[in-house]
Amino acid sequence: EGPMVAVEDALYRLDPSLRSTVDLREFEAALAQGRRQRVRGERARALEAALALYQGDFLGDRYESWAEDLRSQVALQHEELLAELASHYFQEKKYSIALQHYSSLLTRNPYREEIHCKAMMCHHYAGDRHAVREQFERLKHLLREELGVEPLPDTASLYASLMAGP
């Protein structure tokens, strides 16, 4: 058996004759397969399978300039996947699952005010007014401390209506 890495014309590549898998390619293939599904429940199951294959940012433990475009592209695919799944579960009234995906989105980018709004709505529909308040206060603190701004009027209005409602 020869080496796994071959050098050809000063370029390195994996030996294609070896049976190997690349997690990024598996993720992309599963994502494409999931997006081809047209039945909502089947689509969500297939997209969850793709999400399970996601291993984090491409070469996330080190900076390589050649990898930046791919890293950004895969990160965007991951965020779009989380958003689609969150939206699906929100529409299905599975608020705790939707909230898990919204929380993952906020971990990646805590400044996405519209995602904070969706998270507040999930807490509200789950009957957790305390969590609605905490979500809004977390957003308000982040925006004030980091950007020196207040939440958008629509966000403040949503918060007020969620806290006033049953």
Side-chain angles (χ1 to χ4, degrees), residues 22-32 34-35 37 40-41 43-166:
V22 177
D23 60 348
L24 174 58
R25 298 298 173 230
E26 288 180 347
F27 167 71
E28 290 176 330
L31 183 58
R35 289 192 168 147
Q37 294 291 328
R40 283 182 53 81
R43 182 178 177 102
R45 277 190 283 287
L47 292 176
E48 285 287 0
L51 183 60
L53 292 171
Y54 184 75
Q55 299 294 311
D57 288 342
F58 181 69
L59 294 179
D61 57 343
R62 62 180 178 266
Y63 175 78
E64 297 290 341
S65 61
W66 62 266
E68 276 307 300
D69 286 345
L70 184 56
R71 183 187 341 254
S72 295
Q73 176 187 350
V74 174
L76 180 60
Q77 288 175 326
H78 178 240
E79 287 185 29
E80 289 171 346
L81 173 58
L82 288 169
E84 182 173 346
L85 285 167
S87 178
H88 166 78
Y89 290 117
F90 187 87
Q91 290 172 6
E92 295 290 316
K93 297 180 174 37
K94 295 179 178 178
Y95 300 115
S96 64
I97 301 171
L99 186 58
Q100 291 172 14
H101 293 306
Y102 287 133
S103 295
S104 294
L105 281 166
L106 290 172
T107 297
R108 294 193 63 82
N109 183 350
Y111 300 99
R112 292 189 60 184
E113 197 164 337
E114 78 282 7
I115 302 301
H116 282 277
C117 289
K118 289 292 194 177
M120 285 191 295
M121 292 170 68
C122 286
H123 291 304
H124 171 77
Y125 292 130
D128 192 345
R129 292 169 57 90
H130 179 72
V132 173
R133 180 178 292 111
E134 283 183 342
Q135 187 77 46
F136 182 74
E137 291 299 326
R138 201 168 29 252
L139 170 64
K140 189 165 71 168
H141 178 77
L142 174 73
L143 293 176
R144 281 182 181 166
E145 295 297 314
E146 299 291 327
L147 304 175
V149 299
E150 294 294 319
L152 293 170
D154 286 350
T155 301
S157 177
L158 173 66
Y159 170 70
S161 71
L162 294 176
M163 294 306 288

Any chance you could measure [X], atom [atom1], to [Y], atom [atom2], to the nearest 0.5 Å?
X: Leu76; Y: Gln73; atom1: CG; atom2: CD; value: 8.0 Å
X: Leu152; Y: Leu158; atom1: CG; atom2: CG; value: 11.5 Å
X: Met163; Y: Phe136; atom1: CE; atom2: CZ; value: 10.5 Å
X: Leu162; Y: His124; atom1: CG; atom2: NE2; value: 5.5 Å
X: Met120; Y: Tyr125; atom1: CE; atom2: OH; value: 12.0 Å

Side chains of His141 and Glu137 only: does a donor on one sit below 3.5 Å from an acceptor on the other?
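No, no side-chain donor-acceptor pair sits under 3.5 Å.
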Has the side chain of Ser87 got a donor or acceptor atom that lies under 3.5 Å from a matching backbone atom of Glu84?
no
Of Lys140, His116, Lys118, the one forming a side-chain hydrogen bond (donor to acceptor under 3.5 Å, both in side chains) with Gln135 is His116
Dump the intermediate steps for side chain to side chain contact (heavy atoms under 4.5 Å, CB included) on Leu147 and Tyr111, then the final yes or no.
CA-CA 10 Å; Leu147 304 175; Tyr111 300 99; 3.8 Å; yes
What side-chain donor-acceptor pairs closer than 3.5 Å can you find for residues 94-106, not counting sequence neighbours?
| from | atom 1 | to | atom 2 | distance (Å) |
| --- | --- | --- | --- | --- |
| His101 | NE2 | Glu48 | OE2 | 3.0 |
| Ser103 | OG | Leu99 | O | 2.9 |
| Ser104 | OG | Gln100 | O | 3.2 |

Search all heavy atoms of Ala44 against all heavy atoms of Leu85 and return the closest pair with its distance.
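Smallest heavy-atom distance, with atoms named: O-CD2, 3.8 Å.
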Least distance between heavy atoms, Leu143 atom then Pro151 atom
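Nearest heavy atoms, Leu143 then Pro151: CD1-CA, 3.6 Å.
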With side chain to side chain contact (heavy atoms under 4.5 Å, CB included) as the criterion, how do His123 and Glu134 come out once you've worked through the C-alpha distance, each side chain's angles and the decisive distance to 0.1 Å?
CA-CA 10 Å; His123 291 304; Glu134 283 183 342; over 6 Å; no
